[in-house]
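So the structure is just underneath, and the comments pick up after that.
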There are 2 protein chains.
Amino acid sequence: MAIKMHTDPAQEPSATQRAYLAIRRMILIGDLPPGEKLKIEKLRSILEMGGSPIREALTLLVSDLLVERLDQRGFRTAEISPSNFAEILNLRCHLEEMAFRESLSNADHAWEDKLVITHHRMMREPRTNVERFEELHKTFHMNLLSACHSPVLLKFCNQLYDLNIRYRYLAGQALDYSKRDIGKEHTDIMNAAVDRDADAACRMLLDHYRNTGAFLEKHFTTEAAE
Amino acid sequence: MAIKMHTDPAQEPSATQRAYLAIRRMILIGDLPPGEKLKIEKLRSILEMGGSPIREALTLLVSDLLVERLDQRGFRTAEISPSNFAEILNLRCHLEEMAFRESLSNADHAWEDKLVITHHRMMREPRTNVERFEELHKTFHMNLLSACHSPVLLKFCNQLYDLNIRYRYLAGQALDYSKRDIGKEHTDIMNAAVDRDADAACRMLLDHYRNTGAFLEKHFTTEAAE
DNA sequence: AGATAATAGAAAATCGATATTATTAAACAT
DNA sequence: ATGTTTAATAATATCGATTTTCTATTATCT
């Protein structure tokens, strides 16, 4: 009757994992603003755990470029800048195109199904729950690339995606989806992907990113001028 | 008479930093073979420090893809495989080309000087001290890219370079530089770079990588068949 | 015998305390 | 007054010990 404990797949995550996810989320949604000092003691009291898992989580976030480690002076959230934003956008376009083309060339039936499902879920999700929507949005975009057989490339894309999402949150969500028909853009990309039309799909995907990018860039530069 | 302690720039590195460099070196040169379990207690006794800096160093190495973290079962060195090798090589070619072209388009006089100097030092260094030579070799290659204004891209290139170097060490140094005239290849690349001939320089750089890659690939596949 | 469960041992993860190091504030000298 | 040294404070980095989790072995049951 008792559950086999040593094979139970739903084990609760380690303190390090919890800290990692919690701090990462706080940085991405802008709860911890750019350049903010991350004091161990403060995070300890918020997350209710010892210093070790906190430090380890922060170290993991350093590799994600979301946190900076200052020699013997602790950690802080990564700074933002227009040039960093432009860099992320540009790299993202290059790497995602590479991954997307390889993904399409390997794409099979199961991949197609998965893509359709995630697209459907994203379209159905109301925009009221921003974090939930962003989660599904990311899943959709990563699924476009998921048939690419290069784990390292996918890791880079994933990282860059998160860095970009952070800028999106910092700019404020509402602004983003005002003029354009984002839903149609996604659907068009998906259809081209399903048709295995790599050129069209890539063109639309990069336009999708660059349009959002241009919008955000404008936002950040006017913001900075205030 | 006493040195001003609080402004002394030559402070000794932190335990974490020492552990990071030491373990990284052991993995790169093959001292810690692929898939090796990394027991904290053992590393503690080798490096003579507590568990915390060891764990932090290992966490840093996870982001470098040199170490894998297993949920609640500690750390091990990253596995190797022919497909991983091919992936690294391919990605490296793409990203370095991108970085190299941007570097060349920004290259100024100071960059040129630095490149010539590092090339000279590499050529002068006897092959007897392998680690020292590899250090200079890496410096030369990274300097080719150094005028690229994308820190993230450079970070990726640097990471991929290290992953590749590891395969080189594992294959055994001596084999690498037997038939080809590696010195000439480097000189040709440098000259094309100094001439700002991006197409020729990139072609030669990628040939340089792919030739070494093909050689190593052969080595690994025959190795695996034994 | 073969499989499942209990147990002992080893290792990892985490905690709380201590030692280091940086930062701030105050005292001192020029 | 200004800049430099000294002292106090705060925060980080590290250690050693404890708790939790995994792993391997032995015992138990069908």
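Quick caveat, the model's predicted, so the values are computed rather than measured. Throughout, protein chains are lettered first and strands after them, A, B, ... in sequence-line order, and every chain is numbered starting at 1. Below, all heavy atoms of this structure are taken into account, side chains as well, without hydrogens, waters or symmetry copies.
What separates CD of B/Glu56 from C1' of D/dC15 is a distance of 13 Å, to the nearest Å. Look at NZ on A/Lys42: it is 15 Å from C1' on D/dA10, rounded to the nearest Å. Across the protein-nucleic acid pair, B/Leu70 atom CG and C/dA13 atom C1' stand 14 Å apart, rounded to whole Å. The separation between A/Ile40 atom CD1 and C/dC15 atom P is 13 Å, rounded to whole Å. A straight line from CD of B/Glu48 to P of D/dG16 spans 12 Å, rounded to a whole angstrom. B/Leu43 has its CG atom 13 Å from the P atom of C/dA13, to the nearest Å. Atom CG of B/Asp71 and atom P of D/dT20 are 17 Å apart (whole Å). As rounded to whole Å, 12 Å separates atom P of D/dA13 from atom CG of A/Leu38.
Look at A/Thr16 and you won't find any side-chain N or O under 4.0 angstrom from OP1 or OP2 of C/dA13. OP1 or OP2 of D/dT12 sits under 4.0 Å from a side-chain N or O of A/Lys37. Listed pair A/Arg73 / C/dT21 fails the phosphate criterion, with no side-chain N or O lying under 4.0 Å from OP1 or OP2.
In the set D/dA13, C/dT14, C/dA12, the nucleotide with an atom closest to the side chain of B/Ser14 is D/dA13. In this structure, the nucleotide among C/dA13, C/dC15, C/dA11 sitting nearest to the side chain of B/Lys39 is C/dA11. Nearest nucleotide to the A/Gln72 side chain, out of C/dC15, C/dT21, D/dC22: C/dT21.
Between the side chains of A/Glu36 and A/Thr77, not a single donor N or O lies within less than 3.5 Å of an accepting N or O.
In this structure, CD1 on A/Ile29 lies 10.5 Å from CG on A/Leu170, to the nearest 0.5 angstrom. Atom CZ of A/Arg210 and atom CG of A/Asn90 lie 7.0 Å apart (nearest 0.5 Å). Distance CG/B/Leu145 to CE/B/Met98: 11.5 Å, rounded to 0.5 Å.
Other residues, nucleotides and ligands contribute only 12 or fewer heavy atoms inside 6.0 Å of the CD atom of A/Glu48.
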